[in-house]
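Here the structure is laid out as structure tokens; the discussion comes afterwards.
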Amino acid sequence: MAKEVGPVIQEILAEVARKTPEEWQARLEAIAPELIEELNTKKEPDKGLKALDVEEGQQVVMRFAPNPNGPPTLGSTRGIVVNSEYVKKYGGKFIIRFDDTDPQTKRPMLEAYDWYVDDCKWLGADPDEIVIASDRIPMYYDYARKLIEMGKAYVCFCDGADFKKFKDAKEACPHRDVSPEENLMHWDKMLAGEYEEKSAVLRIKTDITHKDPALRDFGAFRIVKVPHPRPEVDDKYCVWPLLDFEGAIEDHELGMTHIIRGKDLMDSEKRQTYIYNYLGWKYPKTTHWGRVKMHEFGKFSTSALRKAIEDGEYSGWDDPRLPTLRAMRRRGILPEAIRKFFIEMGVGETDISISMDTLYAENRKLIDPVANRYFFVWDPVEIEITDAEPCTVNPSLHPTEDRGCREIDVADKVYICSEDAEKLQVGSKLRLKDLFNLEVISMEPLQAKHIGDSIESVKKEKMRIIHWAPMDGVPVRVLSPDGEFTGIGEKQVTTELDKIVQFERFGFCRIDSVDGDVVAYYTHK
RNA sequence: GCUCCGAUAGUGUAGCACGGCCAAUCAUGCAGGACUCUCACUCCUGCGACUGGGGUUCGAAUCCCCAUCGGAGCACCA
């Protein structure tokens, strides 16, 4: 059969090749004009996120579920942006849920709850609902009881290592097969605080012989006798749910339709599916993404950062060297740029390592039209203009947008960057941007004479054009991921508090404070 | 040890469910050029990839198998 079809196809293909695309289009027009439009509309690349598998008329409910044990970082931002973007696209509900059920190892930080909500709003992902797991512990207990009664959960008194032995051998531990009644009794004792930490744990029965060891009887609750940092919870509970249990119950209770999360939680779905099946629930549709690593930031963990901050290594959670959202914000990275960055990144399952350059490029396009231009001279040195007439110049605030001018008074000296000064020698000609032209007459001390104002001669003689600062400028400190720059800037930058400006030939900065020295946070080049 | 994922230019990404419209999209990066009184912006040009090997097929980035590399889970962490 295939042998017979072969030559026929060859011939058809040859015929296709004989005529030009235009001829074929004409032929199509003749026999099926209604298809012409399809020909022209095909193959436009999809921008943005891929379509979600949404049923006809369905409202989507999606969530971002952090543990508030530190502030949101660029890593967590992906979850905020992508989930909220889908909700915007399809209409529905975006929920932020704090999975704060570990008062000990990943102890939540009280301030961080607000930080998350704050940063979500800043990112344009205002949550429709805020849920805090530590407020809902009784509900988890109810479901636990139900599962015990069904014979689907049991209190296990094995030591961690012992249980692992049973599990690896695909054998049930001695506690697996006791009656629901007895388990209920143990469970009540657990809740009453009669057992010590680590002495008992509630497990969900799955399939102890499952070929994937990750799926064999997983833990659902453990005993932690440490008060919760939230004052309204404090020492109310000594039995805490583990993520697989808490997440499973909440995703159903909150009516989640779709879940997008890291692929490290792929096995979670398989474990949680046992709970869903026992309770007769339908699991939400899930998608996973891989790890994102930024080239510029090495490995960092929230707890390591926390320690470094306490040790004074960083100035705080918004230190410009940190990958936190608060730092990005302070540096003048706009939320729109961050959203776009993550949306264009998509939701692939591969682990990726991406450079901040991509985010910076996005941000630069947004701020370039709105950032006023100023001179900032880092590492300044004085240059004396021996024959200068005092004058006032008015460089424009923006090279293309018409937004008025600055005003700078100049007498007989200005500051220039030492790195520009180093390139000079006696006889060098240069242009002070928006001011006038000079010829160097002495290196030590650095002196020059006025050789005209004409920009034409600058072009003709290909003089270097450098920026400068007046003697009555203000001290400026720029804090950047690569350290601190100090120098002199125009007085007028003090009117730009909280705005993003461009220091010419240096880069964009957000003006952070103007009382005393001007402090600016470096955005990017 | 057992199990589960993934692999397209330097970096990301589209295409893969349904094999031919793919000598492979877009962005960023890099190189060159135009514009510009900034090393910014804008515009133009160029560079650059289907991990390897088998198989199925007239035809494979796309389907199957193996290998390699990378990631993850097997917690009384999230």
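Reminder, nothing fancy here: chain letters follow the sequence lines and each chain counts from 1.
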For [N], take OP1 and OP2 only and decide whether either is under 4.0 Å from a side-chain N or O of [X].
X	N	answer
A:Thr350	B:rG71	no
A:Lys167	B:rA75	yes
A:Lys50	B:rU13	no

Atom [atom1] of [X] to atom [atom2] of [N]: distance rounded to whole Å?
X	N	atom1	atom2	answer
A:Asp162	B:rC76	CG	C1'	14 Å
A:Ile132	B:rA78	CD1	C1'	16 Å
A:His210	B:rC4	NE2	P	9 Å
A:Asp217	B:rC2	CG	P	21 Å
A:Phe245	B:rA78	CZ	P	13 Å
A:His295	B:rU28	NE2	P	17 Å
A:Arg291	B:rG12	CZ	C1'	17 Å
A:Asp102	B:rA78	CG	P	5 Å

For [X], answer base if it contacts any base atom (sugar-phosphate contacts may also be present), sugar-phosphate if it contacts only those atoms, and nothing otherwise; contact means non-hydrogen atoms under 4.0 Å.
X	answer
A:Cys417	nothing
A:Asn67	sugar-phosphate
A:Lys211	sugar-phosphate
A:Leu243	base

Going by distance alone, is a donor N or O of one side chain under 3.5 Å from an acceptor N or O of the other, for [X] and [Y]?
X	Y	value
A:Gln272	A:Tyr283	yes
A:Arg505	A:His467	yes
A:Thr286	A:Glu269	yes

Under the 6.0 Å and 45° cation-pi test, does A:Arg230 pair with A:Phe98?
->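 No, A:Arg230 and A:Phe98 do not form such a contact.
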Euclidean distance for [atom1], [N] against [M] (whole angstrom):
N	M	atom1	answer
B:rU68	B:rC26	C1'	30 Å
B:rA24	B:rA14	C1'	10 Å
B:rG29	B:rC74	C1'	41 Å
B:rC65	B:rU56	C1'	11 Å
B:rC30	B:rG10	C1'	8 Å

Parallel, tilted or perpendicular: which describes the rings of [X] and [Y], with under 30° parallel and over 60° perpendicular?
X	Y	result
A:Phe436	A:His450	perpendicular
A:Phe376	A:Phe503	tilted
A:Tyr116	A:Phe64	tilted

Whichever of A:Asp168 and A:Arg78 has the more 5' nearest nucleotide on RNA chain B, that residue is A:Asp168
Residue pairs meeting salt bridge (charged side-chain N to carboxylate O under 4.0 Å, His left out), one or both in residues 198-220 of chain A, sequence neighbours left out, come to A:Arg176-A:Asp217
A:Arg306 versus A:Arg107, closest heavy-atom pair with distance: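 Minimum heavy-atom contact is NH1-O, 4.1 Å.
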Measuring from the side chain of [X] (C-beta onward, heavy atoms only), which nucleotide among [options] has the closest atom?
X	options	answer
A:Arg216	B:rC77, B:rU28, B:rC2	B:rC2
A:Ser353	B:rC77, B:rG73, B:rG12	B:rG12
A:Ile352	B:rG12, B:rC76, B:rA78	B:rG12

Exactly one candidate in A:Trp240, A:Phe218, A:Phe221 meets ring-ring contact (aromatic ring centres under 6.0 Å, His included) with A:Phe245; the answer is A:Phe221
Pairs under 3.5 Å (Watson-Crick or G-U), crossing ones as [ ], inter-strand ones as |: RNA chain B comes out as (((((((..(((.......[.....)))((((((.......))))))...(((((..]....))))))))))))....
> Taking only residues two or more places apart in sequence, or in another chain, which ones meet A:Phe157 in a ring-ring contact (aromatic ring centres under 6.0 Å, His included)?
Replying inline: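 Once residues adjacent in sequence are excluded, the partners of A:Phe157 under the ring-ring contact (aromatic ring centres under 6.0 Å, His included) criterion are A:His175, A:His186, A:Tyr195.
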Exercise. Are A:Asp251 and A:Arg97 close enough for a salt bridge, meaning some N to O gap below 4.0 Å?
Worked result: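 Salt bridge present between A:Asp251 and A:Arg97.
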Notebook entry, point to check: Any salt bridge between A:Arg222 and A:Asp102, counting N to O under 4.0 Å?
Noted result: yes
Report, one pair per line, the protein and nucleotides 65-68 of chain B atoms (nitrogen or oxygen only) whose separation is under 3.5 Å.
none

chi for B:rA17 classified (syn = within 90 degrees of 0, anti otherwise) as syn
Whether each nucleotide of nucleotides 35-49 of chain B has a protein heavy atom under 4.0 Å at its base (B), only at its sugar-phosphate (S) or at neither (-) is summarised, 5' to 3', as --BBBBSS-------
Decide salt bridge (charged side-chain N to carboxylate O under 4.0 Å, His left out) for A:Arg136 and A:Glu246; before the verdict, give the C-alpha distance in whole Å, the side-chain angles of both, and the deciding distance to 0.1 Å. CA-CA 9 Å; A:Arg136 296 155 69 91; A:Glu246 180 264 329; over 6 Å; no
> A:Val239 versus A:Tyr141: any side-chain heavy-atom pair under 4.5 Å?
Replying inline: yes
Next on the checklist: Tell me if a side-chain donor or acceptor on A:Glu362 pairs with a main-chain N or O of A:Ala337 at a distance below 3.5 Å.
Outcome noted: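 No, A:Glu362 side chain to A:Ala337 backbone: no donor-acceptor pair under 3.5 Å.
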Here the residues of residues 261-275 of chain A within 4.0 Å heavy-atom distance, strictly under, of RNA chain B are A:Lys263, A:Asp264, A:Leu265, A:Met266, A:Asp267, A:Lys270, A:Arg271
